[in-house]
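Report on the structure given below.
Residue numbers begin at 1 in each chain, while the letters A, B, ... track the order of the sequences.
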Amino acid sequence: MLPVRTRFAPSPTGFLHMGSLRTALYCYLFTRKNKGTFILRIEDTDQERLVPGATEVIYDTLRECGLNWDEGPDVGGPVAPYVQSERKDSYLPYAKQLIESGHAYYCFCTREELAARREAAQARGETWKYDKHCLGLSREQVAGNLEKGLPWVVRQNTPTTGESDFDDLVYGHISAPNDTLDDMVLLKADGMPTYNFANVVDDHLMGITHVIRGMEYLSSTPKYNLLYKALGWDIPLYIHLPNVMRDAKHKLSKRDGDAYYSDFIKKGFLTPALMNYLALVGWNPGDEREFFTLSELVEAFSVQGLSKSPAIFDVNKLTWFNAEYIRRLSPGEYLRLAQPWFEQALSGTGMDYPRLAELMQPRTEIFSQIPDMVRFLKEMPGYDLALYENKKQKSGMESVPGALALAKNLLETVEDWSEEAIHAALIPGIAAAGLKNGTVLWPLRVALSGQLSTPGGAIEIAYLLGRRETTRRLDAALKRVGGAN
RNA sequence: GGCCCCGUGGUCAAGCGGUCAAGACACCGCCCUUUCACGGCGGUAACAGGGGUUCGAGUCCCCUCGGGGUCACCA
């Protein structure tokens, strides 16, 4: 088999979408697995949809994800340029060749004319397909129109009989009747090729052996193959990928927001977790493994593991992956990543971040959840007295005032405010009073946090808060529950 | 609507004619525990429906239904 050459060919119209990212991932995995060449090609033939800076976003995102390309606009390569707009002049000769051989023709129909005929056809209940109106033009008429400077496009002349078929590496045998194939535009009036034409010409010129792309191209692939044949070129192998869905009925789309790689990063998802999850949406290694680094994915990847049916993007599972990746971070790394989020809620408190980080690491699923989880450390929230009630801990309104008062007395004996010292003061003291740990510790934690759940128990919270703030909150609570003070 | 593709638990997904239909996420329960989380153990839950083929079908064929894609001078 020929050395594998593949390309990821996004159009620079905005941020990189999770669906596109997954396509890039699979393309990369397939290529590396087969020791091939991975090419990045920018498809910017639609000048109207171009977004400034989008190309750089593509570079940055791909690099961040470790999907490095061997040839591309910025790194060059033997079949440069890798930006379609810079290849503009290379398409016309092939279009002319197709016109000469009768596989394509000039079309002078205006958008308005087309719209009118389309509507009329639909009004008659017919399925619209370009009516080959301009195919009937004589050589002289065409020449005359060209002479007059009339705007023109080039259309593919698809056969009206027979059928076209091909074998897709994941979907298997695909065939379609030729008479359902539309005469698609190959060259636009502005001289730019359409995707339909550019991808065929460029894939051939760049020596692409395997075309890996979303399945939205599955039904137009027969038309592309007709072009390859008309030009006398070898048809590449195809690997069409099932869609990534938002839910059962909707494809994950750019309009959903939150579907961009950058959105997930902003929310505090880790890139390796994202990649790991993405790899498993539409592919599986064939065994029980589910944690993979990029290179492990390369090793495990095979087209046999690719699925045919669309898969719903499950943020739930992604979140689980992310939490797993967070737990596996070294304490130092976790602290570095969590610090900005701590700051967001706790700036100015002088909190012991390293200790807080230890407490938070097993509880963090997504970094953006951190501020809400720790905010109580800076500002005591209002709370319901019912929080003090806990049967299992033997805590109730009758025991709380005494418990809190005991805690206060014990805490006053602490000399240096460390967790060890606090522990050493409270635990034996509670035992000496003949109480259950929970009877004192439960209300203490409530008094210090005003919350049902906290990162850490009463001792950790007291330590984090510091002596002064702990005392202040404890006094306030005693006052509120009517305890002695 | 025409054409193309897809259809195993709520989600991802193994299964590629022959044990009681794996596993993961989510959910529920129990244990651990000064809360929550982590961790450990256990549980609920699926072959869209109907016909065939076969000794035997989630696995092969047909139909129906459901879903998606595509019918642009967008990619």
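A/Ser309 has no side-chain polar atom (N or O) that falls below the 4.0 Å cut-off from OP1 or OP2 of B/G67. Residue A/Arg118 places at least one side-chain N or O closer than 4.0 Å to OP1 or OP2 of B/A72. Look at A/Lys249 and you'll find a side-chain N or O under 4.0 angstrom from OP1 or OP2 of B/G67. For B/A14, one of the phosphate oxygens OP1 or OP2 lies less than 4.0 angstrom from a side-chain nitrogen or oxygen of A/Asn284. Distances shorter than 4.0 Å separate none of the side-chain N or O atoms of A/Lys188 from OP1 or OP2 on B/A72.
Atom pair A/Asn322:CG and B/A24:P shows a separation of 20 Å (rounding to whole Å applied). Rounding to whole angstrom units, CZ of residue A/Phe313 and P of B/C25 are separated by 17 Å. Atom OH in A/Tyr277 sits roughly 12 Å away from atom P in B/U11 (whole-Å rounding). When the C1' atom of B/A75 is taken as reference, atom CG of A/Leu186 falls 15 Å away, rounded to whole Å. The OH-C1' distance, from A/Tyr238 to B/G69, rounds to 17 Å in whole Å. The distance from atom CD1 of A/Ile174 to atom P of B/U70 is 15 Å, rounded to the nearest whole Å. B/G2 atom P lies 18 Å from atom CD of A/Glu163, rounded to whole Å. In this structure, A/Phe166 places its CZ atom 12 Å from P of B/C4, rounding to the nearest Å.
Comment: A/Glu333 does not engage A/Arg328 in a salt bridge, judged by the lack of any side-chain N to carboxylate O separation of less than 4.0 angstrom. One finds no salt bridge joining A/Asp352 and A/Arg355 here, because no Lys/Arg side-chain nitrogen approaches an Asp/Glu carboxylate oxygen to under 4.0 Å. A salt bridge links A/Arg41 to A/Asp203: one of the charged nitrogens lies within less than 4.0 Å of a carboxylate oxygen. One finds no salt bridge joining A/Lys188 and A/Asp190 here, because no Lys/Arg side-chain nitrogen approaches an Asp/Glu carboxylate oxygen to under 4.0 Å.
Note on A/Met245: only backbone sugar-phosphate atoms sit closer than 4.0 angstrom, heavy atoms only; bases stay farther off. Among the atoms of the strands shown, none is found under 4.0 Å from any heavy atom of A/Thr221. Nucleic acid contact for A/Val185: sugar-phosphate only, since backbone atoms but no base atoms lie under 4.0 Å from a heavy atom of the residue. Across all strands shown, A/Tyr217 has heavy atoms under 4.0 Å from base atoms, whether or not it also approaches the sugar-phosphate. Here A/Ala189 lies in heavy-atom contact (under 4.0 Å) with a base. Using a 4.0 Å heavy-atom distance criterion, A/Arg124 is classed as making no nucleic acid contact. Nucleic acid contact class of A/Pro177 (heavy atoms, under 4.0 Å, all strands): sugar-phosphate only. Using a 4.0 Å heavy-atom distance criterion, A/Thr319 is classed as making no nucleic acid contact. Within the 4.0 angstrom heavy-atom criterion, base atoms lie near A/Glu288.
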Whether each nucleotide of nucleotides 33-46 of chain B has a protein heavy atom under 4.0 Å at its base (B), only at its sugar-phosphate (S) or at neither (-) is summarised, 5' to 3', as BBBBSSS-------
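With 3.5 Å as the limit, one finds no donor-acceptor pair spanning the side chains of A/His103 and A/Asn157. At a cut-off of 3.5 Å, with distance as the only test, no side-chain donor of A/Tyr277 or A/Asp314 sits close to an acceptor on the other residue. Between the side chains of A/Arg213 and A/Thr23, not a single donor N or O lies within less than 3.5 Å of an accepting N or O. In this model, no donor atom of one side chain and acceptor atom of the other lie less than 3.5 Å apart for A/Asn145 and A/Tyr106.
Each of A/Val153 and A/Ser219 lies near RNA chain B, and the nucleotide nearest A/Ser219 is the one positioned closer to the 5' end. Taking the nucleotide of RNA chain B with the nearest heavy atom to each of A/Pro151 and A/Asp287, the more 5' of the two is matched to A/Asp287.
Rounded to whole Å, the separation between the P atoms of B/C62 and B/A21 comes to 28 Å. Annotation: B/C74 and B/C63 have their C1' atoms spaced 37 Å apart (nearest Å). Here, B/U8 and B/C60 have their P atoms 13 Å apart, quoted to the whole Å. To the nearest whole angstrom, the two P atoms, one in B/C28 and one in B/G67, are 31 Å apart. For the P atoms, the distance from B/U64 to B/C5 is 15 Å, rounded to whole Å. Atom P of B/C30 sits at a distance of 12 Å from the matching atom of B/C36, rounded to the whole Å. Comparing the P positions of B/G68 and B/U11 gives an interatomic distance of 14 Å, to the nearest angstrom. On the P atoms, B/G66 is 15 Å away from B/G49, given to the nearest whole Å.
The A/Glu43 side chain lies nearest to B/A75 when the options are B/A75, B/C25, B/C5. Of the listed nucleotides (B/A13, B/A26, B/C6), B/C6 has the atom at the smallest distance from the side chain of A/Lys308. For A/Leu114, the listed nucleotide lying nearest its side chain is B/C73; candidates were B/G69, B/C25, B/C73. The side chain of A/Leu218 has B/C5 as its nearest neighbour among B/C5, B/C73, B/A75. Among the nucleotides B/C6, B/G10, B/C5, the one closest to the side chain of A/Pro310 is B/C6. When the nucleotides B/G68, B/U70, B/C74 are ranked by their closest atom to the side chain of A/Asn243, B/G68 comes out on top.
The partner of B/A14 cannot be assigned: no Watson-Crick or G-U wobble pair with both contacts below 3.5 Å exists in any strand. Across every strand in view, B/G58 sits unpaired, with no contact that passes the Watson-Crick or G-U test at under 3.5 angstrom. Using the Watson-Crick or G-U wobble rule with both distances under 3.5 Å, B/C3 pairs with B/G69. Base-pair partner of B/G39: B/C31 (Watson-Crick or G-U wobble, both distances under 3.5 Å). With both pairing distances under 3.5 Å, B/C47 is matched to nothing as a Watson-Crick or G-U wobble pair.
Using cut-offs of 30° and 60° on the angle between ring planes, the pair A/Phe301 and A/Tyr26 is tilted.
For the pair A/Lys267 and A/Phe269, the cation-pi criterion (under 6.0 Å, within 45° of the ring axis) is not fulfilled.
Between the side chain of A/Lys317 and the base of B/A26 there is no donor-acceptor pair of N/O atoms closer than 3.5 Å.
The two atoms that bring A/Thr161 and A/Asn178 nearest to each other are O-ND2, 2.8 Å, heavy atoms only.
Residues A/Tyr334 and A/Phe367 place their aromatic rings such that the two centres sit under 6.0 Å apart.
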